[in-house]
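Notes follow once the structure below has been shown.
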Amino acid sequence: AATQIPQTDNRLWVKARWENHETLALVDSRAQMDIIDWAYFNRHQVPWRIKEPPTPARGPFRTQMVTYETEPLDITVAG
């Protein structure tokens with residue numbers, strides 16, 4: 001997982017840890033939901049469940065339905 005922020009990036013990133021996995025998380029104060037990359041999700045076997053009801057995710061990208069969500073996770077954030 002990426003743990004170094006490019007020097008040219010002026011967005012707010014924090015280190016996040018779940019169990020023994022560490023990664024960078026982008027902080028977006030206008031976000032309406034948290035989104036996890038599927039590759040990270042699968043590589044680290046994050047526990048998930050089907051989301052009821054599905055929720056639309058809108059942004060500067062094609063609107064998509066969120067149909068999965070994680071089980072509750074204890075995540076430690078430092079930044």
Side-chain angles (χ1 to χ4, degrees):
T3 56
Q4 295 219 344
I5 302 166
Q7 290 183 355
T8 57
D9 193 330
N10 63 358
R11 296 175 292 179
L12 178 58
W13 294 86
V14 295
K15 286 187 178 181
R17 177 177 293 279
W18 169 69
E19 294 185 348
N20 63 343
H21 307 290
E22 185 175 281
T23 192
L24 290 174
L26 173 62
V27 176
D28 181 353
S29 62
R30 295 180 293 166
Q32 295 179 2
M33 62 178 47
D34 301 318
I35 299 175
I36 299 175
D37 177 68
W38 269 108
Y40 183 90
F41 196 78
N42 290 326
R43 181 173 45 252
H44 299 293
Q45 300 176 344
V46 177
W48 61 272
R49 61 185 174 208
I50 294 175
K51 184 170 181 58
E52 291 294 340
T55 304
R58 296 180 180 89
F61 48 81
R62 178 177 56 87
T63 297
Q64 301 174 51
M65 293 303 289
V66 177
T67 55
Y68 300 93
E69 62 186 358
T70 66
E71 294 289 341
L73 301 173
D74 290 325
I75 297 175
T76 302
V77 176

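All values reported here derive from a predicted model rather than from experimental measurement. Start at 1 with the first residue, then count along the sequence.
Taking the six-membered ring where the residue is Trp, H44 and Y40 present tilted rings, their angle falling between 30° and 60°.
Sparse packing is recorded around CG of D74, with 12 or fewer heavy atoms of other residues, nucleotides or ligands lying under 6.0 Å away.
Contacts of I50 classified as side chain to side chain contact (heavy atoms under 4.5 Å, CB included), with partners at least two apart in sequence or in another chain: W48, E52, Y68. Shown here are the side chain to side chain donor-acceptor pair (under 3.5 Å) partners of R49, two or more places apart in sequence or in another chain: E69, E71. Residues satisfying the side chain to side chain contact (heavy atoms under 4.5 Å, CB included) test with T67, not counting sequence neighbours, are P54, M65.
What you find for K15 and L24 is that their closest heavy atoms are CG-CD2, 3.9 Å. Heavy atoms only, all atoms of each residue included: T55 and K51 are closest at OG1-CE, 3.0 Å.
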